[in-house]
Protein chains: 2
Amino acid sequence: MSGHHPARSRRSAERKGDVRERAILDTCEALLAQKGYDAMTVGDIAQGAGITRGALYFYFGSKHEVVAALVARTVEQLWERSRATAQADEPRRAIAAAMQRTVELWNEHGLVMRTAIDLSLTVPEIGELWDHTADLFITAITAVLERAGIQAGTEPQQASAMARALCWMIERTFYHASQESREKLEEASATCEHIWLTSAGLTT
Amino acid sequence: MSGHHPARSRRSAERKGDVRERAILDTCEALLAQKGYDAMTVGDIAQGAGITRGALYFYFGSKHEVVAALVARTVEQLWERSRATAQADEPRRAIAAAMQRTVELWNEHGLVMRTAIDLSLTVPEIGELWDHTADLFITAITAVLERAGIQAGTEPQQASAMARALCWMIERTFYHASQESREKLEEASATCEHIWLTSAGLTT
DNA sequence: GATAAAAATCGACACCATGTAGACTTTCTG
DNA sequence: CAGAAAGTCTACATGGTGTCGATTTTTATC
């Protein structure tokens, strides 16, 4: 809109391709919601993004790469938010906060997160992304458990192993609940929080 | 070989097709282990079973149907064994027994169970099979929790919801552990058992 | 054990999605 | 404005799925 400013503003740091690339990922996300991964064809994505299949392959080498990039984009947001969250807090409070944050994550990005989980096996790159994400959560949970007095260590009944199991519990429970409704998610969250608290020995 | 017995033994209650069908499922299971679902082609399965693709389609309508039948075959074994297990027992003992049984299940059928989970989304028939299986487990866990004194009901902190979360925890934890090694599975089992016990209020 | 129906098998084909290749057009850059 | 880089297109090659009709084998029956 009416850019009457001097030369410098001409800076097109934003290549046309950057816009297209974003459009592709956006379309991919939308189609994922509409038809699911298998039914979604590369042609569909291209069409949605306003180009042909051939052009799409200029940006991504395969259907897998497209969705991997989508997962990467989403997961990076999660990481940023995780990093931004100070987690030095009293255990009970930390657990409540973590669950609250997780509900938000699944509400906002449930679709892509479910897709990431579903494709972890099929698309190695996505598998790594998701494993890394899980590790972040496991580390965080481990820290809370230890601060709550659970013995540190990797034996079956020590913090590390318990955190892993709790992480998978949350992942799977939210995976299912987020497919149903926000209410189910809230309930699932409450249940997971309760089990986490109990496991941490924080039974009131 | 030299069947000099009377007429009756001639009973071919076993159609040739029954043998083939079994061969197809066996081959499918083997290939699943070798190359995974995506890489495994219908031609591969047919070849392994000693027939051509065309012949395979006489038995099953699609690749999906083949693997769904394989899952069904496996899952029916689980159900039988579940039914055979008397579960009226003191909670602590019941939990230990259940986990023991679950380890055996995953040791024997881990591959097919993982496949079932992976394809639950893609193949509706498999999804139903697995949902039903999960329900059996959830019901069983619920019963144990209630007998251990957890309040019955479906609110977030009551037996039913907790059982669901615990079930998913076990599913996911075993899913990952069974991909690694038997030792990991044992450890995972111990961890899950510990969390289950704690959640049931049976903390020694 | 001959025979007709049913069961099983095959090979060829149509279809569709993926990914590749090369020519062409637009956009940047000096 | 000219050349390079970025972006786009159409056409094609490949490979896997599922269908079809013809054909052979098995099974039941007399």
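Naming convention: chains lettered A, B, ... in sequence-line order (proteins, then strands); numbering from 1 in each chain.
Contact detail for A:Thr154 and A:Ala161: the closest heavy-atom pair is O-CB, 4.1 Å.
The CD-C1' distance, from A:Gln47 to C:dT18, rounds to 17 Å in whole Å. A:Leu56 has its CG atom 16 Å from the C1' atom of D:dT10, to the nearest Å. Going from atom CD of B:Glu14 over to atom P of D:dT26 covers 15 Å, rounded to whole Å. If you measure from atom OH of A:Tyr57 to atom P of C:dG22, you get 17 Å, rounded to the nearest angstrom. The interatomic distance linking A:Phe60 (CZ) with D:dA6 (C1') rounds to 15 Å, in whole Å. Protein atom CG of B:Asp38 is 11 Å distant from nucleotide atom P of D:dT17, rounded to whole Å. If you take NZ of B:Lys63 and P of C:dC16, they are 19 Å apart, rounded to a whole angstrom.
Screening residues 30-62 of chain A for ring pair (Phe, Tyr, Trp, His ring centres under 6.0 Å) gives no qualifying pairs among residues at least two apart or on separate chains.
The ring-ring contact (aromatic ring centres under 6.0 Å, His included) check on A:His64 picks up nothing, with sequence neighbours excluded. Not a single salt bridge (Lys or Arg N to Asp or Glu O under 4.0 Å) links B:Lys16 to another residue, sequence neighbours left out. Qualifying ring-ring contact (aromatic ring centres under 6.0 Å, His included) partners for B:His176, counting only residues two or more places apart in sequence or in other chains: A:Trp168.
One finds a side-chain N or O of B:Thr41 lying less than 4.0 angstrom from the OP1 or OP2 phosphate oxygen of D:dT17.
Side-chain contact between B:Leu31 and B:Thr41 is absent, with no heavy atoms from C-beta onward closer than 4.5 Å.
Under a 3.5 Å cut-off, the side chain of A:Glu146 and the backbone N or O of A:Ala143 do not form any donor-acceptor pair.
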*Where along nucleotides 3-15 of chain C does protein come under 4.0 Å, by heavy atom, of base (B) or sugar-phosphate alone (S), with - for untouched nucleotides?*
----SBBBB----
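Only one option out of B:Lys184, B:Arg114, B:His109 pairs with B:Ser178 in a side chain to side chain donor-acceptor pair (under 3.5 Å); it is B:Arg114.
Helix-axis bend for the helix from C:dG1-D:dC30 to C:dG30-D:dC1: the local axis fitted to the five terminal pairs at one end deviates from that at the other end by 20°, rounded to 10°.
To the nearest 0.5 Å, atoms CD1 (B:Ile195) and CE (A:Met162) are separated by 4.5 Å.
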